[in-house]
> 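Below you'll find the structure I mean.
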Amino acid sequence: MTDAHAAPRGVGVVVVAAGSGSRLGAGVPKAFVPLAGRPLLAWALEAVVRVEGLGSLVVVAPPALSDPEAAAWAGVALPRGARVVAGGAERSASVAAGLAALDPTCDLILVHDAARCLTPVAVFDRVVEAVRAGHVGVVPGVPVVDTVKAVDDRGLVTSTPDRSSLRAVQTPQGFRRDVLEAAHAGGAGATDDAALVEALGHRVLVVDGDSRAFKVTTVDDLAHAERLVGGPGYT
Ligand code: C5P
């Protein structure tokens, strides 16, 4: 018997861009900070529109910028049919708002941080492929190069996890729609969507991420992104 959910078809993408980006100190929300003259969001959308099977796209913007006619949107070519909704106070609330606005026919959902603005489309395609292959939750990840310590509130080390078993995870994170909706209905406050899905008892697969999928968080990250787009492949 064929499980209607085993091979999701239409891909719905939620791009969360509602964060304040206070650590960047740019005076505008992070997704609207310019990188080589164009907002981070514009760079992020370049890969999103190339996702195979894209059926629906929702951009989640800060409430004050949820009108794409606002000046800060300059340089963002919103793809035809894309919707813009206002985000919430926490990332998980922004994802939930985006999820609710996606076309109901999409049964494979990708959630992507606009701040990971240089993520290659190949990462999106790897995640989609693994969800289509039957995994209910898939995240891109890269090996951790530093040794990681868990500490208590006094800074004393409580454990040192085996580094070879650790991955730093990125976005886009991909899910079967019913699973992601149940995860968001059941909880909030997690720093990624996979954690909510894991909390429901589902197994999440990590596929290869990419160093270019780093999250622009600090001024140094922005400088790194500027160097990358000045190099081959981004001109
Ligand atoms: O704050 P952080 O860098 O972890 O945010 C990751 C992504 O989530 C960013 O693209 C940011 O715009 C988005 N976000 C959001 N709504 C929030 C907080 C973060 O859409 N309330």
Side-chain angles (χ1 to χ4, degrees), residues 12-35 38-49 51 56-68 70 72-73 75-76 78-79 82-102 109-121 123-124 127 139-142 167-175 180 183-184 187-197 209-225 228-229:
V13 182
V14 174
V15 177
V16 282
S20 66
S22 47
R23 285 168 292 188
L24 210 48
V28 287
K30 181 160 67 180
F32 296 90
V33 170
L35 164 62
R38 291 193 299 144
L40 299 189
L41 176 59
W43 289 94
L45 291 175
E46 268 189 22
V48 171
V49 296
V51 170
S56 177
L57 169 60
V58 174
V59 176
V60 186
L65 287 177
S66 52
D67 174 5
W73 282 79
V76 183
L78 201 61
R83 300 187 64 187
V84 179
V85 299
E90 288 190 354
R91 185 185 180 282
S92 53
S94 295
V95 174
L99 193 50
L102 277 176
I109 309 301
L110 297 179
V111 181
H112 186 47
D113 292 340
R116 298 183 190 274
C117 55
L118 299 182
T119 305
V121 71
V123 179
F124 290 78
V127 171
V139 301
V142 292
R167 299 291 179 272
V169 303
Q170 307 171 324
T171 72
Q173 300 194 342
F175 306 94
L180 185 61
H184 275 276
T191 52
D192 77 347
D193 300 286
L196 298 176
V197 167
D210 191 293
S211 60
R212 290 165 291 178
F214 71 98
K215 186 169 65 172
V216 174
T217 305
T218 65
V219 172
D220 283 348
D221 296 330
L222 191 59
H224 178 53
L228 285 179
V229 301

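Computed from heavy atoms alone, side chains included, the values below leave out hydrogens, waters and symmetry copies. Atoms within a ligand are numbered from 1 in the order they appear, just like the ligands themselves.
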> Is the closest basic N to carboxylate O distance between Asp193 and Arg91 below 4.0 Å?
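Salt bridge between Asp193 and Arg91, a charged N being under 4.0 Å from a carboxylate O: yes.
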
> To the nearest 0.5 Å, what is the distance between OG (Ser211) and CG (Leu228)?
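Spacing of OG (Ser211) from CG (Leu228) equals 7.5 Å.
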
> Could you tell me which residues satisfy side chain to side chain contact (heavy atoms under 4.5 Å, CB included) with Ala100, sequence neighbours excluded, listed by chain and number?
none

> When you measure from the side chain of Lys30 to the backbone N and O of Leu24, does any donor-acceptor pair fall under 3.5 Å?
no

> Is the number of heavy atoms from other residues, nucleotides or ligands within 6.0 Å of CZ (Arg38) greater than 12?
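Yes, enclosed.
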
> Hey, does the side chain of Asp192 reach the backbone of Ala195 with a donor-acceptor pair shorter than 3.5 angstrom?
yes

> Give the residues near ligand 1 by chain and number, with the criterion being a heavy-atom distance under 4.0 Å.
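Correct list: Val16, Ala17, Ala18, Gly19, Arg23, Lys30, Gly88, Ala89, Glu90, Arg91, Ser94, Asp113, Ala114, Ala115, Lys215.
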
